[in-house]
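One structure below.
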Amino acid sequence: MKGSLHLYNSLTRRKEEFKPINEGFIGLYVCGPTVYSDVHLGNCRTFMSFDMIYRFLLKFGYNVRYVRNITDVGHLLDDGEDRISKGARKDKLEPMEVVQKYTNGFHDMMDIFNTLRPSIEPRATQHIIEQIEMVQDILDNGYAYVENGSVYFDTTKFAEETGKYGKLSGRVIEDLLAESRDNLKNQSEKKHPSDFAIWMKAAPEHLMKWNSPWSEGFPGWHLECSAMSTKYLGKTFDIHGGGNDLKFPHHENEIAQNEGACGCSPCNYWLHTNMLLMNGKKMSKSDGNTISPEELFSGDSPHVSKGYSPMVIRFFMLMAHYRSTVDISDEALQAAEKGYKKLMEAGRSLKQLEAHSAEAGKIDEQINSISQSAFDDMCDDFNTPKALSRMFELVNIINSLKGGQLDSKELSSRGLETLKQTYSSFIYDIFGLKNDLVDNDQSKYLDGLMNLVIDIRQSSREKKDWDTSDKIRDVLKELKIQLKDGQSGTDWTIDG
RNA sequence: GGUCGGGUGGCCGAGUGGCUAGGCAGAGGUUUGCAAAACCUUGUACGGCGGUUCGAAUCCGUUCUCGACCUCCA
């Protein structure tokens, strides 16, 4: 399939045609999690969005280097303490134990949500040398100053000389001056409130610190992404992504650092995913407006009436555009669950379909047109809700062929092949969905058993022994297995 | 207060000048031994008020309202 890819660039605030720096290759950097506690659902949404984007870029034919970092140092809390250090003290663990524990948890959750692993997953603490070098470059270029062992980025000077500070987030430096809080740590050391630390001198009790030309300390939070993206993708690469809430100050400062260090902008396209809401508000741990992935799976939360499978959640998120907020609610999840099942059932039915015609008929045309449309939708800034709606058009065709409402003579074997390919390409490869209700190791036993049961029930029905056949149906129903009698025999589905 | 983004039928959610997605729920029908599933039909939707236009949910103005960021956040 052919098309040109357009994506919404947060920097220019409009859709632009995507042109890679090197034909056929894409450098993609996404800001990963800070591993100081269990992943929360909001993070999952962001990484599922970028997973979908990564998958589509691959499908489009690009060779993608997908870099997603792990932040394991340098993230300050309000009181100035490192998040990892704080976690270490709390759990009586080595900082690196904290990091490992939550990194493992993060990876497990990403697997559960069926996301592809990034090509490189660099950690901040493994790139202290690169970060120190970048601080030095920024100092050498005159965009930073040393104060009492810490190094601060000089935003005023950078803004005056380049005019590039605040461009991404639409901020003006004078406004920042007026609005900044004055209770930040080390505020007095800064020349300007909007200046930010690129190297911090560590307090004696600080657990994670390294030697540097300026002090024994640790790198500023924003610096790691600048240093690691440069290292693995080059000074200027194609796409940088992250959650909307990272736009300011994180991404804004990243741009400043890269510009300050090498005089070039870090990337050509900025992609930002929108927030996951609950009850109309951003999901966040601090105010209790949150539900963990585990709670959502088990249903053990006042926010949901039952549990939802990981794939239902993934499907639910794909139903909204990545740049829109998603408000999670029990009602919406229930609707998503039904839609998801319908989609998966059609996938199973599709396997059994047969085409008899050698010549392309009307249905062939429809399939070709829907396939192309779905591809075009994805090319238009990854419009998953629209592309998904095309999939439901395919579902309708599949079910109609199966049910006999559509004449399979109108479909050539080649058309059927296209249908199967399109379906699997979008549902499994691009959207990253899988049938988590039946696709597991036990499914072959279950299939065999069910075939037997269905066979026995069919015999009863032929003898008009409704008592037996209805009993089989009712008992299975209690076991959450639903039988579906169709024209071409009986099917079944797990009704979780 | 500053910056940015929303408000679409009962719910979720695309669309962004005329062709009026899709899912869920509801109604009627076909099918079925009965159901379920599937299929078919069915929706006076675009926050309010003005304006531009032959024509606006879509553009402009204004107003109300919700949210995000401005402090760590995906």
Side-chain angles (χ1 to χ4, degrees), chain A residues 10 13 30-34 36 39-50 71 75-79 83 166 169-172 174-176 178-181 183-185 194 221 241-250 252 272-277 280-286 315-316 319-321 323-329 331-343 345-346 349 373 377 380 383-393 395-396 398-400 402-406 461 464-466 469-470 473-474 477 482-487 490-493 495:
Chain A
S10 307
R13 298 202 179 94
V30 174
C31 290
T34 304
Y36 65 99
V39 241
H40 81 109
L41 249 194
N43 297 48
C44 296
R45 142 101 133 150
T46 294
F47 300 128
M48 274 193 260
S49 293
F50 282 107
T71 296
H75 229 153
L76 293 181
L77 298 168
D78 271 356
D79 61 5
R83 292 202 150 176
S169 57
R171 255 154 261 254
V172 186
E174 288 76 29
D175 294 343
L176 291 171
E179 294 152 16
S180 270
R181 283 202 198 168
N183 60 351
L184 290 173
K185 186 168 167 71
S194 67
W221 169 41
N244 216 201
D245 49 357
L246 293 182
K247 245 190 217 170
F248 189 88
H250 185 59
E252 195 68 74
H272 286 98
T273 57
N274 217 134
M275 297 294 102
L276 179 65
L277 312 181
K281 293 245 159 76
K282 180 180 170 181
M283 199 179 270
S284 103
K285 274 186 189 169
S286 50
F315 174 83
F316 168 70
M319 293 232 298
H321 189 92
R323 279 192 290 115
S324 302
T325 51
V326 177
D327 199 344
I328 202 164
S329 69
E331 209 182 355
L333 282 168
Q334 280 188 33
E337 183 172 60
K338 291 197 178 168
Y340 164 76
K341 280 184 181 168
K342 191 171 177 179
L343 206 54
E345 284 309 308
S349 306
S373 299
D377 294 333
D380 182 16
N383 197 329
T384 54
K386 217 171 165 185
L388 262 177
S389 80
R390 313 286 187 194
M391 293 305 113
F392 279 101
E393 289 175 29
V395 167
N396 187 254
I398 293 166
N399 287 337
S400 298
K402 186 186 172 197
Q405 289 88 358
L406 277 178
R461 293 180 74 203
K464 297 200 192 298
D465 178 5
W466 308 129
S469 69
D470 287 356
R473 186 175 66 193
D474 295 344
K477 177 104 182 148
Q482 190 189 76
L483 292 181
K484 304 197 294 193
D485 295 328
Q487 213 183 41
T490 300
D491 246 343
W492 59 277
T493 171
D495 195 15

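Values below: every heavy atom of this structure, side chains too, minus hydrogens, waters and symmetry copies. Bear in mind the structure is a predicted one, so any value in this text is a computation, not a measurement. Naming: A, B, ... by sequence-line order, numbering from 1 per chain.
The interatomic distance linking A/Glu345 (CD) with B/rA36 (C1') rounds to 13 Å, in whole Å. The CG atom of A/Leu343 sits 17 Å away from the P atom of B/rA37 (whole-angstrom rounding). Distance CG (A/Leu406) to C1' (B/rC40): 12 Å, rounded to an integer number of Å. Rounded to whole Å, the distance from CZ on A/Arg171 to C1' on B/rU71 is 12 Å. When the P atom of B/rA68 is taken as reference, atom CG of A/Asn244 falls 11 Å away, rounded to whole Å. The nearest whole Å value for the distance from the CD1 atom in A/Ile328 to the C1' atom in B/rA74 is 14 Å. If you take CZ of A/Arg13 and C1' of B/rC69, they are 12 Å apart, rounded to a whole angstrom.
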| After noting the C-alpha distance and the side-chain angles of A/Trp492 and A/Gln482, does the key distance pass the side chain to side chain contact (heavy atoms under 4.5 Å, CB included) rule? | CA-CA 5 Å; A/Trp492 59 277; A/Gln482 190 189 76; over 6 Å; no
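In this structure, of B/rC39, B/rA36, B/rA14, it is B/rC39 that holds the atom nearest to the side chain of A/Asn396. Comparing B/rA14, B/rC70, B/rC39 by their closest approach to the side chain of A/Phe248 singles out B/rC70. Ranking B/rA36, B/rA74, B/rA38 by closeness to the A/Asn399 side chain, first place goes to B/rA38. Nearest to the side chain of A/Phe316, among B/rG5, B/rA74, B/rC12, sits B/rC12.
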Write out a two-atom table: protein N or O, nucleotide N or O from nucleotides 19-24 of chain B, distance below 3.5 Å.
residue	atom	partner	partner atom	Å
B/rA21	N3	A/Ser389	OG	3.3

Provide a list of protein-nucleic acid N or O atom pairs under 3.5 angstrom, restricted to nucleotides 29-34 of chain B.
residue	atom	partner	partner atom	Å
B/rG33	O6	A/Arg461	NE	3.4
B/rG33	N1	A/Asp470	OD1	2.9
B/rG33	N2	A/Asp470	OD2	2.8
B/rC34	O2	A/Arg473	NH2	3.0
B/rC34	N3	A/Arg473	NH1	2.8
B/rC34	N3	A/Arg473	NH2	3.2
B/rC34	N4	A/Arg473	NH1	3.1

Taking only N/O atoms, report every protein-nucleotides 64-67 of chain B pair under 3.5 Å with atom names and distance.
residue	atom	partner	partner atom	Å
B/rG67	OP1	A/Lys281	NZ	3.1

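A pairwise comparison of heavy atoms in A/Ser169 and A/Phe248 identifies OG-CD1, 3.3 Å as the closest pair. Closest non-hydrogen pair, A/Ser349 versus A/Ile398, comes out as CB-CG2, 4.0 Å. Heavy atoms only, all atoms of each residue included: A/Gly166 and A/Glu252 are closest at N-OE2, 3.0 Å. Closest heavy-atom contact between A/Leu277 and A/Gly280: CD1-O, 3.9 Å.
B/rG47 and B/rU65 have their P atoms separated by 16 Å, with the value rounded to a whole Å. Separating the C1' atom of B/rA21 from that of B/rU8 is a span of 12 Å, rounded to the nearest Å. A gap of 39 Å separates the C1' atoms of B/rU32 and B/rG15, to the nearest Å. Remark: the separation of the C1' atoms in B/rG61 and B/rU53 is 16 Å, to the nearest Å. When the C1' atom is used for both B/rA25 and B/rG43, the distance is 12 Å, rounded to whole Å. Rounded to the nearest Å, the gap between the C1' atom of B/rU71 and that of B/rU62 is 34 Å. Separation of the P atoms belonging to B/rU16 and B/rG29 is 38 Å when rounded to the nearest angstrom. As rounded to the nearest Å, B/rA56 and B/rC24 have C1' atoms that lie 29 Å from one another.
A/Arg473 and A/Asp470 are joined by a salt bridge, as a carboxylate oxygen and a charged side-chain nitrogen come within less than 4.0 angstrom of each other. Here A/Asp491 pairs with A/Lys402 in a salt bridge; the nearest charged N to carboxylate O distance falls below 4.0 Å. Salt-bridge annotation for A/Lys386 and A/Asp380: absent, with no side-chain N of the basic residue lying under 4.0 Å from a carboxylate O of the acidic one.
Within the 4.5 Å cutoff, side-chain heavy atoms of A/Met319 are placed close to those of A/Leu388. Between A/Phe316 and A/Glu337 the shortest side-chain heavy-atom distance does not fall below 4.5 Å. Put simply, the side chain of A/Ile328 reaches to within 4.5 Å of the side chain of A/Leu333, judged on heavy atoms.
Applying the ring pair (Phe, Tyr, Trp, His ring centres under 6.0 Å) test to A/Phe315 and every residue at least two apart in sequence or in another chain returns nothing. Partners of A/His250 under the ring pair (Phe, Tyr, Trp, His ring centres under 6.0 Å) rule, at least two apart in sequence or in another chain, are A/Trp221, A/His222.
If you check the side chains of A/Thr490 and A/Asp485, you find a donor sitting under 3.5 Å from an acceptor.
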Annotated structure of RNA chain B as dot-bracket, pair cut-off 3.5 Å, Watson-Crick or G-U only, | for inter-strand, is ((((((((.[[[..)..(...]]].(((((.......)))))....[[[[[..)....]]]]])))))))....
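Among the heavy atoms of the strands lying under 4.0 Å from A/Leu276 is at least one base atom, whether or not backbone atoms are also near. Residue contacts shown for A/Asp491 are absent, as no nucleic acid heavy atom lies under 4.0 Å away. A/Met283 comes within 4.0 angstrom of a base, heavy atoms only. The residue A/His272 sits apart from the nucleic acid: no heavy atom pair falls under 4.0 Å. Among the protein residues, A/Gly42 comes within range of the nucleic acid bases, having at least one heavy atom under 4.0 Å from a base atom.
Taking the nucleotide of RNA chain B with the nearest heavy atom to each of A/His321 and A/Asp245, the more 5' of the two is matched to A/His321. Heavy-atom distances to RNA chain B give each of A/Ser329 and A/Ser284 a nearest nucleotide, and the one nearer the 5′ end belongs to A/Ser329.
At B/rG5, none of the side-chain N or O atoms of A/Asn274 fall inside 4.0 Å of OP1 or OP2 (strictly under the cut-off). Under 4.0 angstrom from either OP1 or OP2 of B/rA14 there lies at least one side-chain N or O belonging to A/Ser324.
Side chain of A/Ser49 to backbone of A/Arg45: a donor-acceptor contact under 3.5 angstrom is found.
Atom-to-atom distance recorded for A/His272:NE2 and A/Thr46:OG1 is 10.0 Å, nearest 0.5 angstrom.
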